[in-house]
2 protein chains.
Amino acid sequence: MADEVPYAPERIRELPSWLLGRAAARGHRLVAEALAAEGVRMMHHAVLASVAELGPVSQATLSRTLRVDPKEMVAIVRDLHSEGLVHRKPDPADQRKHAISLSPAGADLLSRTERLGAAANNALTESLTPAERGQLIDLLNRIIAPGR
Amino acid sequence: MADEVPYAPERIRELPSWLLGRAAARGHRLVAEALAAEGVRMMHHAVLASVAELGPVSQATLSRTLRVDPKEMVAIVRDLHSEGLVHRKPDPADQRKHAISLSPAGADLLSRTERLGAAANNALTESLTPAERGQLIDLLNRIIAPGR
DNA sequence: CGTTATCGTGGGGACTCCCCAACGATCGGA
DNA sequence: TCCGATCGTTGGGGAGTCCCCACGATAACG
């Protein structure tokens, strides 16, 4: 039988979709490990970062902007709210909506998790030069949203 | 409250890990949709492709080479075998192992699913020039396996 | 005013990634 | 030759992600 091979066979490993999946998995592992030091999950961190930038903001907007299932967003915001990391108030202008905003504790945690996330991303791209990293970001953005 | 925003906030969307996740998700959607035309799931296709290139090959080797949980590989190979797409025989040299090989029906299906997969990957990278696509592949390979 | 859409939230499923384990087979070293 | 370590297959489980559906309350639109 064929000896063990170190990575995917040729007809697979040259497919962008496959490579993106593998690279994304490695990125996910690195970031998740880094954020675990603060007991924060990756998507919780992303929500905190989004609330920091967009708040006050509805859960539906957060779901769309982060491409997260609205039901998962309900659970994430509930977690963050129960830990005092965000405020969740009814929107006075629209009774359907909650207005999610960052609490001081959330801002404090976010400053630490952002550094952890940045370090993990640096480890992820350590084999690239800064110019190559910029190129990668550009190429990925054009894959994600071809028309933009 | 903030108007709807079309994509992730700034501090998120410039992170390679985030972009890789989004790009990978789009790649996954495109390939899964394309392969659905032949009723084949993405990982089933990857296993067929791997068996075609490496066969006869053990399930453990397939798991390692494709980075799939050994338990999922058991289920995938069982599916493929029950549909007559692979042969699964005891390895005469090592009774622990199965020797997985491609059947004629599997080869036939693979030729079609490879074209579907290629078309999906072309759609995924349609906004890149061929040179840029090559660059992307190179960058992703260096992220996946920094030392290679 | 009636219709359509949205928000938040709930039900579910399938898939992926991770943990653990058991059992029989194999291999290398003493 | 025996024993301990490892391998391959297969099973248990959980958590997270992505997708489907639905409902009641509210808002927007014509």
Side-chain angles (χ1 to χ4, degrees), chain A residues 1-4 17-18 20-33 35-36 39-47 56-81 86 88-100, chain B residues 1-4 17-18 20-33 35-36 39-47 56-79 81 88-100:
Chain A
M1 220 184 306
D3 287 343
E4 177 182 338
S17 58
W18 182 264
L20 283 166
R22 295 288 101 223
R26 184 163 181 257
H28 191 282
R29 280 194 299 276
L30 286 172
V31 174
E33 281 168 16
L35 294 177
V40 170
R41 300 208 291 262
M42 197 162 144
M43 203 50 79
H44 287 61
H45 165 74
V47 170
V57 61
S58 71
Q59 293 175 178
T61 296
L62 287 170
S63 294
R64 283 190 296 272
T65 194
L66 292 174
R67 293 205 63 132
V68 168
D69 190 88
K71 184 162 73 174
E72 319 301 325
M73 185 58 69
V74 166
I76 292 168
V77 169
R78 182 185 293 139
D79 284 347
L80 294 173
H81 182 256
V86 297
R88 186 179 64 193
K89 295 167 179 163
D91 182 339
D94 188 331
Q95 288 175 359
R96 293 173 297 178
K97 290 175 172 175
H98 291 143
I100 314 298
Chain B
M1 220 183 305
D3 285 344
E4 177 182 339
S17 58
W18 180 265
L20 283 166
R22 295 285 102 227
R26 184 163 180 258
H28 191 282
R29 281 194 298 277
L30 286 172
V31 174
E33 283 168 14
L35 294 177
V40 170
R41 302 208 291 259
M42 197 163 145
M43 202 51 78
H44 287 62
H45 165 75
V47 170
V57 61
S58 70
Q59 292 174 177
T61 297
L62 285 171
S63 293
R64 284 191 295 273
T65 194
L66 291 174
R67 293 203 61 132
V68 167
D69 191 87
K71 183 163 73 174
E72 319 299 325
M73 185 58 69
V74 165
I76 292 168
V77 169
R78 180 185 292 137
D79 285 347
H81 181 257
R88 185 178 65 193
K89 296 167 181 164
D91 182 336
D94 188 333
Q95 287 173 2
R96 291 173 295 180
K97 291 175 171 175
H98 292 145
I100 314 297

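Naming convention: chains lettered A, B, ... in sequence-line order (proteins, then strands); numbering from 1 in each chain.
Here I76(B) contributes atom CD1 and Q59(B) contributes atom CD; the two are 10.0 Å apart, rounded to the nearest 0.5 Å. Note that NE2 of H28(B) and CG of L20(A) are 12.0 Å apart. Values are rounded to the nearest 0.5 Å.
When all heavy atoms of A24(B) and A24(A) are compared, the closest pair comes out as CB-CB, 3.7 Å. Shown here for H45(B) and V40(B), the closest heavy-atom pair between the two residues is N-CG1, 3.8 Å. Smallest separation of non-hydrogen atoms from A99(B) and P56(B): CB-CB, 4.0 Å. Of all heavy-atom pairs between M42(B) and L35(B), the closest is CA-CD1, 3.6 Å.
The side chain of K97(B) lies closest to dT9(D), out of dT17(D), dT9(D), dC20(D). If you check dG16(D), dG8(C), dT10(D) against the side chain of H98(A), the one that comes closest is dG8(C). Among the nucleotides dG8(D), dT10(D), dC18(C), the one closest to any side-chain atom of R64(B) is dG8(D).
dG13(C) atom P lies 16 Å from atom CZ of R41(B), rounded to whole Å. Across the protein-nucleic acid pair, D69(A) atom CG and dG11(C) atom C1' stand 12 Å apart, rounded to whole Å. In this structure, the NE2 atom of H28(A) is 9 Å from the C1' atom of dC17(C), given to the nearest Å. Here dC19(D) presents its P atom at 11 Å from CG of L30(B), a figure rounded to the nearest Å. Taking atom CD of residue Q59(A) and atom C1' of nucleotide dT6(C), one finds them 13 Å apart after rounding to whole Å. Per the geometry, NE2 belonging to H44(A) stands 12 Å off C1' belonging to dA15(D), to the nearest Å. The nearest whole Å value for the distance from the NE2 atom in H45(A) to the C1' atom in dG16(D) is 17 Å. One interatomic measurement links the two molecules: CZ of R67(B) to C1' of dC15(C), which rounds to 17 Å at whole-angstrom precision.
Toward the 5' end of DNA chain C, the nearer of the two residues A93(B) and M43(B), judged by each one's closest nucleotide, is M43(B). In terms of position on DNA chain C, the residue among M42(B) and P92(B) whose nearest nucleotide sits closer to the 5' end is M42(B).
Sorted by first and then second residue, the salt bridge (charged side-chain N to carboxylate O under 4.0 Å, His left out) pairs involving residues 68-81 of chain A (not counting sequence neighbours) are R41(A)-D79(A).
Residue R22(B) has a polar side-chain atom (N or O) positioned under 4.0 Å from OP1 or OP2 of dC18(D).
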Produce the list of close N/O pairs, under 3.5 Å, pairing protein atoms with atoms of nucleotides 22-26 of chain D; give distances to one decimal.
residue: dT26(D); atom: O2; partner: R96(A); partner atom: NH1; Å: 3.4

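Within a 6.0 Å radius of CZ in R67(A), no more than 12 heavy atoms belonging to other residues, nucleotides or ligands are found.
With a 4.5 Å cut-off on side-chain heavy atoms, H98(A) and D91(A) do not count as touching.
If you check every strand for non-hydrogen atoms under 4.0 Å, R26(B) touches nothing.
Listed for the T65(B) side chain is no donor-acceptor partner under 3.5 Å among the backbone atoms of T61(B).
Across residues 70-81 of chain A, P70(A), K71(A), V74(A), R78(A) each have a non-hydrogen atom less than 4.0 Å from an atom of DNA chain C (numbered order).
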